[in-house]
Number of protein chains: 2
Amino acid sequence: MSKSPSTRSRASGRVTLSDVAARAGVAPMTASRAINQPDLVSSLLRQRVEQAVQELGYVPNRAARALASAQSNVIVVLVPSLSNTVFTAVLQGIQDALDDDNYQLLIGNTRYSDAEEEKLLNVYMQSNPDGILLSGLTHSPRVQQMLETSRVPVVSMMDLSSDPDLLCVGFSQVEAGQAMTRYLIGKGKKRIGFIGAQLDERTLRRAEGYRKAMADAGLADSRLEIMVPDPSTIALGAELLGRMLAQVPDCDAIFCCNDDLAHGAIYQCQRRGIEVPGQLAICGFNDLPASAWMKPALTTVGTPRYKIGFEAATMLRAAIRGERPAQAHLDLGFTLMARESA
Amino acid sequence: MSKSPSTRSRASGRVTLSDVAARAGVAPMTASRAINQPDLVSSLLRQRVEQAVQELGYVPNRAARALASAQSNVIVVLVPSLSNTVFTAVLQGIQDALDDDNYQLLIGNTRYSDAEEEKLLNVYMQSNPDGILLSGLTHSPRVQQMLETSRVPVVSMMDLSSDPDLLCVGFSQVEAGQAMTRYLIGKGKKRIGFIGAQLDERTLRRAEGYRKAMADAGLADSRLEIMVPDPSTIALGAELLGRMLAQVPDCDAIFCCNDDLAHGAIYQCQRRGIEVPGQLAICGFNDLPASAWMKPALTTVGTPRYKIGFEAATMLRAAIRGERPAQAHLDLGFTLMARESA
DNA sequence: CTGAAAGCGCTTACAG
DNA sequence: CTGAAAGCGCTTACAG
């Protein structure tokens, strides 16, 4: 195995490429090639190396490889939440797109905090990533600076940027918010409330779309908006429904910024004996699995989250190879799912 | 900055510790200490180094550090799913427990597959992890062998092992399945069906508990069990409810191996006009957020998933430091949540 | 408290 | 197709 450790040895005791080479009777360089570029090695030596790898149980040291090659094969992914299935679907898409590429995913959970994002990126930059996938378009100045000076390829997920130089994959959150609001207006609703939580970028954009549509229809009224920074949960949806009805008793529809809130609002209506959509229409955003099944089935906006992850990772991979994507902004659209609740 | 690259230079162009040292007028070793063990450096030199770090925007190279120190500061976490909130809660607990420890989490999604787990572990072992967190107790022989030969500390999450040498944090899935079944029996139910999907380790153990309780009560009947390998979803729960009623028309209760299935079963009952729990009692497992809110509120088993992650990471951290935990098997228990549906 | 030397385990860049 | 030399950017292990 390894040379017997001298007094000053710092050897880890693990099997190294040199051990494999020695056993196979070749130079380390040849062993390296036999493993990483087998076509460049004669089949005889390749077999001897492969056998030595098996016999010794050789595991390559990724740190050494990264250091020598100046290539980490690491891709950093930053998402605001791991408990929100929207982002776990995005992650699934990313993993599927990168499946056989030997990339190592460094997944960071920013918890909807710019400061946390900055902290995570700071640490992850130490791994010298080949590429970075970010959620959303707005980031702290220091994050933007880090990204610029590092010159690492970046793809932003979820929304569409107005900056033509930025690579992004998603859909227009503003238009989606607008489309849902128009749908409610088209149903004859006049007093349409908007419930927003978390107040992340996407919620703010959806609210922007809501406001546009309401203003266009001459229905705008700031009392119809309830915006709170708390995380979106079913419990919060139930609570905010109550607050909305107290504040605007003649409210005839509520647009919840996501399905969790909408579920809570509907459950609360059931408890209070409010008929949905007869007395009050309720709709959500994202089309979670339960939405199609609950009674009444939830009217909501279907979003291509899995595909966003898949396409963003695909775009990033191309960018890492130095290719320019055909379109820097990939619009994956959204789907209004008209069901029973509105 | 860096020495001007000679013809044979392989320098990455990034700012290195030597650049910082040169700027601060100290040896690289002193710069290293000023950054990593500031107490060992005089305040004058420390300040000069800190300033150089700022001015140059130095980012340490983690690969170089790992190679030189034979310490990766990487912890590998393998979970069977990222879309199941049970495991995202576990991850949250892990992250919180490891927050300021400068560990880098390598999160692998095994997708409930032993083969995938093996593949992931194979790749992640290349990062020379300091410790490993695994879900479940059963793994492929090659995984077990990899873990043994690597001598890396491992903590298993979710269930309790019978092997005293194995570190684990969780609760008895068998006992939990048994407890829920006894609860239904105590409610006077005689024809209690069991619906299991995915057929992962935990589902099989819960089924084992169900069988024990049924046998103890003299109620065992293999036709009452429906086990399918498909992933647990609301849609599947709806479908399997139908299959169960077709197969066992006089069924008076159904124990679903998790809440997703139970939600689907309840929604299906609503569609079919079956009264829950009057005509048919339904219960689940895990107590997802929606379970307390839906009508009827779901009777289920509350599980300490966040705490499992937190405690497992804490135990692993101790093991990495070479400490033996007070108890190798940490039982965090479970809670029967008796609500409306059963 | 500070630093010169050597080494971690690989790959690059040559040369043959 | 094969290999000897040098280097990646840090830290260990000494020595002063």
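Chain letters run A, B, ... following the sequence lines, proteins first and then strands; every chain starts at 1. Fair warning: this is a prediction, and the values are worked out from it, not measured in the lab.
Taking for each of A64(B) and M29(B) the nucleotide of DNA chain C with the nearest heavy atom, the 5'-most of the two is the partner of M29(B). Residue whose closest nucleotide on DNA chain C sits further toward the 5' end, between L67(B) and G25(B): G25(B).
Look at CG on D39(B): it is 13 Å from C1' on dC1(C), rounded to the nearest Å. Rounded to whole Å, the distance from CG on L40(B) to C1' on dT11(D) is 13 Å. Atom CG of L17(A) and atom P of dC8(C) are 14 Å apart (whole Å). The distance between atom CD of Q37(A) and atom P of dT2(D), rounded to the nearest whole Å, is 13 Å. Remark: C1' of dC1(C) and CD of Q47(B) are 16 Å apart, rounded to the nearest angstrom.
Under the side-chain hydrogen bond (donor to acceptor under 3.5 Å, both in side chains) criterion, the residue pairs touching residues 150-162 of chain B are D159(B)-R205(B), with sequence neighbours excluded. Screening residues 28-48 of chain A for side-chain hydrogen bond (donor to acceptor under 3.5 Å, both in side chains), with sequence neighbours left out, gives N36(A)-R65(A).
Remark: S32(A) is not in phosphate contact with dC10(C), judged by side-chain N or O atoms under 4.0 Å from OP1 or OP2. In this structure, N36(A) reaches the dT11(C) phosphate: one of its side-chain N or O atoms is under 4.0 Å from OP1 or OP2. Not one side-chain nitrogen or oxygen of S18(A) sits closer than 4.0 Å to the OP1 or OP2 atom of dC10(C). Dashed line: the shortest gap from a side-chain N or O of T16(B) to OP1 or OP2 of dC8(D) is not under 4.0 Å. In this model, the phosphate group of dG3(D) is approached by a side-chain N or O of T30(A) to a distance below 4.0 Å at OP1 or OP2.
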Report summary line: Symbol by symbol from the 5' end, with Watson-Crick or G-U pairs under 3.5 Å, [ ] crossing and | another strand, DNA chain D is |||.||||||||.|||
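Closest to the side chain of A68(A), from the set dC10(D), dG3(D), dC10(C), is dC10(C).
The OG atom of S69(B) lies 10.0 Å from the CZ atom of R62(B); values are rounded to the nearest 0.5 Å.
Applying the side chain to side chain contact (heavy atoms under 4.5 Å, CB included) criterion to T138(A), with sequence neighbours excluded, gives E201(A). Every residue two or more places apart in sequence or in another chain that forms a side chain to side chain contact (heavy atoms under 4.5 Å, CB included) with D96(B) is listed here: R111(A), Q92(B), Y306(B), F310(B).
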Report, one line per pair, each donor and acceptor closer than 3.5 Å where one atom sits in a side chain of residues 78-85 of chain B; sequence neighbours left out.
| residue | atom | partner | partner atom | Å |
| --- | --- | --- | --- | --- |
| S81(B) | OG | S83(B) | N | 3.1 |
| S81(B) | OG | S83(B) | OG | 3.3 |
| S81(B) | OG | N84(B) | N | 3.0 |
| N84(B) | OD1 | V86(B) | N | 2.9 |
| N84(B) | ND2 | Y112(B) | OH | 3.4 |

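In this structure, R33(A) reaches the bases: a heavy-atom distance under 4.0 Å links it to at least one base atom across the strands shown.
Screening I94(B), L133(B), V77(B) for a side chain to side chain contact (heavy atoms under 4.5 Å, CB included) involving L316(B) leaves a single residue, L133(B).
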